Amino acid sequence: MAQQAYMTETDNGGSGPERRGDRFRRLMGRLASGWRGDPRIWRRGVVVAATAVLLALVMLLHARIPNRIGNLGSLTDTFLPWLGFLVPVLLLLALVRRSATALIAVVLPAIVWLNLFGGLLSDKTGGGGDLTVATHNVNADNPDPSGTARDVAASGADVVALEELTASAVPVYEKALASTYRYHSVQGTVGLWSKDPMTGVRAVDIKLGWTRAMRATVTTPEGPVAVYVAHLPSVRVKLEAGFTARQRDKSANALGEAIADEPLKRKVLLGDLNGTMNDRALNGVTSQMRSTQGAAGSGFGFSWPASFPMARIDQIMVQGVEPVSSWTLPATGSDHLPIAARVSLDTDS
């Protein structure tokens, strides 16, 4: 009987979900009680609040940060999406400090970040399309060029651009891709492979003194497309010099001028631009072309470094054609990830 009475008491006490719910409500009540009636909640956390406002201003006015000192503006542009990770950190600090002022201030950078990048979080990929293109910086020190070529070809791309080709590796790539792509051309350290005929192949001068860009007319069943391949100069982050990108910026302007002078209406740019779509130094190109990832991708599509992608410096950009889908391909032997996109050449439908 004593055992039965004990069991009855336990059941009536509600040791199940009801008691756990009561405990949770009491816990939240205690947390809330620490805020209620405390006039200091508006005075505490001023530093956190000021940091949140400063973060919002940096993201909102990033294009106005000057490049005169170490190309600080372009450096901010490049890694701008990552500033969003500071928002939850500031939110946690505001809660720890029990500061209403800081909590309200943290809302500002959250809104700015969502306004800038919220659209990239949705999946905009679609079906259909006429032409699949891919690009890959294969890395001059790639230990497996043949395997890398096969991996890129397995994407099903009709047109493939490769950058950072070395003289010794070019025959390997040519042999590995020969069975899939009937037409190809290598100009300097960049190359283009196509299932459709290529004409008008030539190097593009991007003011380097050697060839790292080319163009070709790819004649598809839907008509001709001007395809550009480019590998802009690398940038470096140095303590004594900041974000050094002068040569990259000069080459980007030259590439933009070449694309603007292109007589064909349909244009596709494939390559490693060593810069993101946010980098104002690439305006000569980005102002006249659309990113397939931004228009028809899912997420940020970061491509570099392959081991832990932090930025999309490899780009597929178009003009006069409609992006349908855009994606990142699996890692190869390179320090970059290959990327691909499918586009519709019939923009009148």
Side-chain angles (χ1 to χ4, degrees), residues 130-138 140 149 152-153 157-175 177-178 180-234 247-275 282 284-290 292 314-321 338-339 341 343 345:
D130 309 303
L131 185 71
T132 300
V133 296
T135 181
H136 190 23
N137 179 327
V138 295
V152 176
D158 303 299
V159 176
V160 170
L162 301 181
E163 303 88 47
E164 209 165 295
L165 296 170
T166 62
S168 59
V170 165
V172 179
Y173 287 107
E174 289 176 330
K175 181 179 179 180
L177 296 171
T180 306
Y181 301 96
R182 182 177 178 183
Y183 308 93
H184 88 278
S185 175
V186 174
Q187 303 286 322
T189 61
V190 297
L192 188 65
W193 280 257
S194 174
K195 295 178 180 179
D196 297 315
M198 291 168 45
T199 58
V201 179
R202 60 175 174 81
V204 174
D205 182 11
I206 55 174
K207 312 302 181 185
L208 278 176
W210 68 95
T211 301
R212 283 176 53 153
M214 63 176 288
R215 66 83 64 196
T217 299
V218 176
T219 304
T220 73
E222 290 75 24
V225 181
V227 179
Y228 284 76
V229 184
H231 182 195
L232 297 187
S234 300
Q247 186 58 63
R248 190 279 311 266
D249 300 349
K250 181 180 178 181
S251 294
N253 290 333
L255 177 62
E257 291 173 3
I259 294 173
D261 292 338
E262 171 60 50
L264 289 180
K265 176 183 176 182
R266 297 165 172 159
K267 308 173 190 178
V268 175
L269 170 61
L270 307 168
D272 174 6
L273 303 189
N274 270 307
L282 300 184
V285 177
T286 58
S287 63
Q288 57 180 318
M289 306 191 83
R290 300 172 65 192
T292 58
D314 302 275
Q315 306 290 349
I316 298 177
M317 304 177 66
V318 298
Q319 183 185 47
V321 306
I339 60 175
V343 299
L345 301 180

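In this text the structure is predicted, and so the values were computed from the model without any measurement.
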Quick one: do V201 and M214 satisfy side chain to side chain contact (heavy atoms under 4.5 Å, CB included)? Show the steps, please. CA-CA 7 Å; V201 179; M214 63 176 288; 3.9 Å; yes
Contact between D196 and Y183 at the side-chain level, heavy atoms closer than 4.5 Å - yes or no? no
In short, Q247 meets I206 closest at the heavy-atom pair NE2-O, 4.5 Å
Calculate, to the nearest 0.5 Å, the distance between atoms CD and OH belonging to Q319 and Y228 respectively. 10.0 Å
If you measure from CZ on R248 to CG on N253, what distance do you get to the nearest 0.5 Å? 10.0 Å
Short question: side chain of D158, backbone of L131 - any donor-acceptor pair under 3.5 Å? no
Specify the closest pair of heavy atoms between W193 and E174, including all atoms of both residues, with the distance to one decimal. CZ2-CG, 4.1 Å
Does the side chain of N137 come within less than 4.5 Å of H231's, by heavy atoms? yes
Side chains of M289 and K267: closer than 4.5 Å at any heavy-atom pair? yes
Carefully, step by step, assess I339 and T292 under the rule side chain to side chain contact (heavy atoms under 4.5 Å, CB included). CA-CA 10 Å; I339 60 175; T292 58; over 6 Å; no
Exam field: side chain S194 to backbone P197, donor-acceptor pair closer than 3.5 Å: no
For R215 versus A226, what's the shortest heavy-atom pair and its separation? NH2-CB, 3.7 Å
Could you pull out the closest heavy-atom pair between L345 and D130, with the gap in Å? N-OD2, 2.6 Å
Can you tell me how far apart OG (S234) and CG (N274) are? Round to the nearest 0.5 Å. 4.5 Å
Write down the atom of A258, the atom of V204, and the distance for their closest heavy-atom approach. CB-CG1, 3.8 Å
I'd like to check L232 versus R212 (side-chain heavy atoms, cut-off strictly below 4.5 Å). Are they in contact? no
Distance-only donor-acceptor check, side chains T135 and E163, under 3.5 Å: yes
Here the gap from T286 atom OG1 to Q315 atom CD, rounded to the nearest 0.5 Å, amounts to 9.0 Å
Where do G191 and L165 come nearest, in terms of heavy atoms and distance? N-CD1, 3.6 Å
Would you say I316 and L269 make side-chain contact, with heavy atoms under 4.5 Å? no
Is any side-chain heavy atom of V138 closer than 4.5 Å to one of Y173? yes
Min side-chain heavy-atom separation T217-L264 under 4.5 Å: yes
Within the structure provided, determine whether Q288 and I259 are in side-chain contact (heavy-atom separation under 4.5 Å). yes
V318 vs V133, side chain to side chain contact (heavy atoms under 4.5 Å, CB included): CA-CA, chis, key distance, verdict: CA-CA 11 Å; V318 298; V133 296; over 6 Å; no
Check step by step if side chain to side chain contact (heavy atoms under 4.5 Å, CB included) holds for T189 and T166. CA-CA 6 Å; T189 61; T166 62; over 6 Å; no
With a cut-off of 6.0 Å (strictly less than), are more than 12 heavy atoms of other residues, nucleotides or ligands near CZ of R182? no
